[in-house]
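Chain identifiers are assigned alphabetically (A, B, ...) following the order of the sequence lines, protein sequences preceding nucleic acid strands; residue numbering begins at 1 within each chain. For clarity, every value in this text was computed on a predicted model and none was experimentally measured.
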Amino acid sequence: MNVDSSAGPIPTPVFRWFRRFGRGSELVFDHAGAIGVLFLSVLRATVRLQVPMRAFIRQIYVMGVESLPIVFVTGALAGIVTSQQGGYQMTGAIPQYVLGSLVVQTVVLEMGPVLTAIVLVGRVGARITAELGTMKVSEQIDAYHSLSRDPIALIAAPRVLAGVIAMPALVGFADIVGILAGMIAANIDSGLGFSSFFYGARLFWHSYDLFYSFAKAVVFGLAIPLISVHMGFRTKGGAEGVGRTTTDAVMFMTLTVLILDAMFPPLLLN
Amino acid sequence: MIEYRQIHKSFDHPVLSGVDLDVEQGEMFALFGPSGTGKSVLLKTTIALIQPDWGDVRIEGESVYADERTLFRARRKVGYVFQNAALFDSLNVFENVEMGIPEEELRTTPRMDIARRIWEALELVNLEPRVVLPKIPSELSGGMRKRVGIARAIVGRPKILLWDEPTTGLDPVNTAAVERLITRLSEELEVTSLVVTHDIEGGLDMCDRVAMLDGGRLRFCGTPNEFRQSDDPVVQAFVDRAAAERALDMAETQ
Ligand SMILES: Nc1ncnc2c1ncn2[C@@H]1O[C@H](COP(=O)(O)OP(=O)(O)OP(=O)(O)O)[C@@H](O)[C@H]1O
Ligand SMILES: [Mg+2]
């Protein structure tokens, strides 16, 4: 059925609002469907061993190794801020060693994964969208097809796989840096000894927390390259289009990371 | 041969509305038309880089759009010269041209033979292989990129070549070299060439038949002589304008 909604008889504000909402959700489903298809295509190329090793290793380097300095800084700041904030709020009857638990849990469950993901959205996601968008508008993607080469296997898959592998490593790194920085900050600010810090951390520690942190890392590590590749492949309209699509992609990825993050507690912390 | 049947394609506005065209085996065929009439779109529908909304393309009698296998076979038979060269940014010239050789051949052919084929393809487009092979596309001029793009399209020894403005942006010496190459491929190897070009005179001199795309349909299709003598006012206006532009170009370069 093909109804032209613009010819509708009741253009009331409410009606118009619904129409816009309808179009918006159509867009969301459209993107979600395309990203799902992209994910399956990447999976297929991977199990068929069509992904070039060299490109994969290069992406691991670009996403993982080159991100270490910035992830170090954000991880350390996350630990320090949590420690200062916690120290400020914990007055009176609460034993000081609880600060150890607070820092470790906040960093591992929340700050480590989310901040690393946000950093990667800017550092890696934007770069992938701009790179692939440029390839799209300069007909390079067409060229792959015309030469019977599969851009999914050659371009998309190395980036997605590298994301899934590099992200947990980076989150683990951010967790460790954050905890150490938080510990040092607690020592300086509140005079909490390292052993009390660890005592507190161990007291409330579940090994499940580590799994939770890495589960987030894997999900974000999958979402960021999938969205950025998807947006890159959809780019049109020359250099201006590349700029526009990159901005959209950054918005899209940031929102997705925050929404996915909000879905974790109800799904995995019960 | 290539057969286009009732090709329709709209983006936000109709671009192609019912194009029928046959390009014969071994023929050199030029396609003219004002900018933005859909010449590139029509070329892209040949190997499904753009899917038509309606219509079919057959290559050597086999529909490109029947299924994945026929599309794959079609793409293997066709070499495509992109309007903007479309070289892979991250690969050097050697790797770019190497991509023009099908994967199975790369696996089964000795590396020395591959290297020789790439070398020869670059020589055919008047490039000095020793100089350009290690360069990446951003280190080349526009005209050099274009010729690397041609080398990549011919190195796989296709039976059909689709040329999207192969001589635009080339100096007269290299324009002549590319035109000679198209003629040689057609005469010696029976390669079918469909050439989109703004160089009306060049196209008329070189090609067996020409067509003009205008308003989403073929306005004209016939031999170069018929084109020159056409009494269709649209064709005449187009030829006159092209001649005027050419004269202007000449005046500017002198
Ligand atoms: N992928 C696309 N998405 C949307 N519109 C497109 C796309 N490709 C082409 N068009 C539109 O189709 C029309 C024809 O474009 P095309 O590139 O085929 O023109 P052309 O005849 O090759 O022009 P030129 O001689 O300048 O290369 C243009 O209006 C263009 O905006
Ligand atoms: Mg064009």
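- For the side chain to side chain donor-acceptor pair (under 3.5 Å) condition, the pairs that include at least one residue of residues 219-233 of chain A, sequence neighbours left out, are A:H31-A:H230.
- When the side chain to side chain donor-acceptor pair (under 3.5 Å) test is applied to A:T256, no partner is found at least two apart in sequence or on another chain.
- Side chains of A:I141 and A:I155 form a contact here, defined as non-hydrogen atoms less than 4.5 Å apart.
- Considering CD of B:E3 and CG of B:D22, their distance stands at 5.0 Å, rounded to 0.5 Å.
- In this structure, CD in A:Q59 is found 6.0 Å from CD1 in A:I128, a value given to the nearest 0.5 Å.
- If you tally non-hydrogen atom pairs under 4.5 Å between each of B:E103, B:R76, B:Q83 and chain A, the highest count goes to B:E103.
- For B:I101, the part lying near chain A is the backbone, with the side chain staying farther off; criterion is any non-hydrogen pair under 4.5 Å.
- Contacts of B:L71 with chain A are absent, with no heavy-atom separation under 4.5 Å from either backbone or side chain.
- With B:R147 contributing its side chain and B:N126 its backbone, the two residues share a donor-acceptor pair below 3.5 Å.
- Heavy-atom pairs under 4.5 Å with chain A peak, among B:I47, B:V78, B:L87, at B:L87.
- Only the backbone of B:P102 has a heavy atom closer than 4.5 Å to any heavy atom of chain A.
- Both the backbone and the side chain of A:S146 come within less than 4.5 Å of a heavy atom in chain B.
- Of the atoms belonging to A:L154, it is side-chain heavy atoms, and not backbone ones, that fall under 4.5 Å from chain B.
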